[in-house]
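Data first, discussion second: the structure below is written as structure tokens.
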Amino acid sequence: MLKPEVSALLEQQINKELYSAYLYLDISNYYYSKNLDGFGNWFKIQAQEERDHAMLFLTYLQNNGEAPKLTAIDAPDKVFANFRDPLAAALEHEEYVTSLINAIYAEAMKANDFRTLQFLDWFVKEQGEEEKNANDLLGRFDLFGSEPKSLYALDAEMAARTYSAPSLVL
């Protein structure tokens with residue numbers, strides 16, 4: 001049985017992960033509307049990942065006898081003035097999600113909830129990867145994005161991304 005404090009944070013994380021999916025769909029829409037379909041593809045796949053993260057939290061709670069309450073998902077409200085803005089927003093958002101995972105981890109540690117700590121270990125590693133990917137993409141854009149031919153090549157590279165389901169086994 002999970003401690004109520006830990007359970008509540010895990011339940012809230014479902015909503016945060018689904019919001020992340022919405023945010024990345026919104027970013028995807030932005031890039032598609034600007035004819036940068038590769039960037040649109042990259043963020044559409046990122047949205048799929050975030051949706052799957054939400055499902056992992058949901059399943060974990062269900063596997064531990066919980067019936068998570070699903071709450072309304074806020075609509076993304078970011079306004080992008082240029083091609084760089086969504087990339088910076090994605091990095092900022094991943095840093096925020098890392099802080100949420102860390103808060104759940106701290107609460108589980110305080111509760112001596114070792115099963116949840118083990119579950120969260122995968123997300124701690126995943127957030128390191130998410131932040132690195134977002135930071136790398138922003139850095140590469142800063143290096144090459146202002147030059148049309150380089151932006152075209154970067155967009156083509158983003159188009160090659162394919163979806164891989166999370167590797168966490170519950």
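Computation of the quantities below employed the complete heavy-atom set of this structure, encompassing side-chain atoms and omitting hydrogens, waters and symmetry-equivalent molecules.
Q62 and P68 make their closest contact through CG-CD, 4.1 Å (heavy atoms, listed as atom of the first residue, atom of the second, distance). S28 and G40 get closest at one heavy-atom pair: OG-O, 2.7 Å. For the residue pair P86 and I27, the shortest heavy atom distance occurs at CB-CG2, 3.6 Å. In this structure, P76 and Y19 approach most closely via the heavy-atom pair CA-OH, 3.8 Å. Of all non-hydrogen atoms in N35 and D155, the two that sit nearest each other are O-OD2, 4.5 Å. When all heavy atoms are compared, the tightest approach of G38 to M158 is O-CB, 3.2 Å.
With sequence neighbours left out, the ring pair (Phe, Tyr, Trp, His ring centres under 6.0 Å) criterion links Y30 to F80. A search for ring pair (Phe, Tyr, Trp, His ring centres under 6.0 Å) contacts involving F39 returns Y31, not counting sequence neighbours.
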Begin with the C-alpha distance, continue with both residues' side-chain angles, and end with the deciding distance and a verdict on side-chain contact (heavy atoms from CB on, under 4.5 Å) for E66 and E11.
CA-CA 9 Å; E66 303 284 329; E11 184 176 273; over 6 Å; no
Step by step, work out the side-chain contact (heavy atoms from CB on, under 4.5 Å) result for K34 and F83.
CA-CA 9 Å; K34 302 298 184 186; F83 299 149; 3.6 Å; yes
What's the verdict on side-chain contact (heavy atoms from CB on, under 4.5 Å) for F123 and I104, showing C-alpha distance, side-chain angles and the deciding distance?
CA-CA 11 Å; F123 286 96; I104 302 169; over 6 Å; no
Please assess H53 against E126 for the test side-chain contact (heavy atoms from CB on, under 4.5 Å), listing each intermediate value before the final yes or no.
CA-CA 10 Å; H53 294 169; E126 176 70 7; 3.4 Å; yes
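Between T116 and Y60, the side chains place a donor N or O and an acceptor N or O closer than 3.5 Å (distance only, hydrogens not considered). Residues Q13 and E17 bring a donor and an acceptor atom of their side chains to less than 3.5 Å of each other. The closest side-chain donor-acceptor pair between E50 and Q46 falls under 3.5 angstrom.
Formation of a donor-acceptor pair under 3.5 Å by the E131 side chain with backbone atoms of L91 is not found in this model. Under a 3.5 Å cut-off, the side chain of N82 and the backbone N or O of R84 do form a donor-acceptor pair. Within the 3.5 Å criterion, the main-chain N or O of K3 finds no donor-acceptor partner in the side chain of S7. Using a distance-only test at 3.5 Å, with no hydrogens or angles considered, a donor-acceptor pair links the side chain of T98 to the main chain of E94. At distances below 3.5 Å, not a single donor-acceptor pair connects side-chain atoms of Q127 with backbone N or O atoms of E95. S99 places a side-chain N or O within donor-acceptor distance of the main-chain N or O of Y96, the cut-off being under 3.5 Å. Although no hydrogens or angles enter the test, the distance criterion places no donor-acceptor pair under 3.5 Å between the side chain of N64 and the main chain of L2.
When each of L58, L18, N15 is paired with L70, the side chain to side chain contact (heavy atoms under 4.5 Å, CB included) condition holds for L58 and for no other.
With respect to the salt-bridge test (charged N to carboxylate O, under 4.0 angstrom), the residues E157 and R140 qualify. Between K132 and E129 no salt bridge is recorded (no basic side-chain N to carboxylate O distance below 4.0 Å). Salt-bridge annotation for R161 and E49: present, with a side-chain N of the basic residue lying under 4.0 Å from a carboxylate O of the acidic one.
Heavy-atom neighbours of E92 CD from other residues, nucleotides or ligands within 6.0 Å: at or below the threshold of 12.
Contact annotation: the side chain of K44 approaches that of Y32 to within less than 4.5 Å [non-hydrogen atoms, C-beta and beyond]. The shortest distance between side-chain heavy atoms of I45 and Y24 does not fall below 4.5 Å. Annotation: side chain of L87 is in contact with side chain of F43 (closest heavy-atom distance under 4.5 Å). Looking only at side-chain heavy atoms (C-beta outward), L137 and W42 come within less than 4.5 Å of each other.
V79 belongs to no hydrophobic cluster, as no Ile, Leu, Val, Met, Phe, Trp or Tyr side chain comes under 4.5 Å of its own.
The CG atom of L10 sits 6.0 Å away from atom CG of L120, with the distance rounded to the nearest 0.5 Å.
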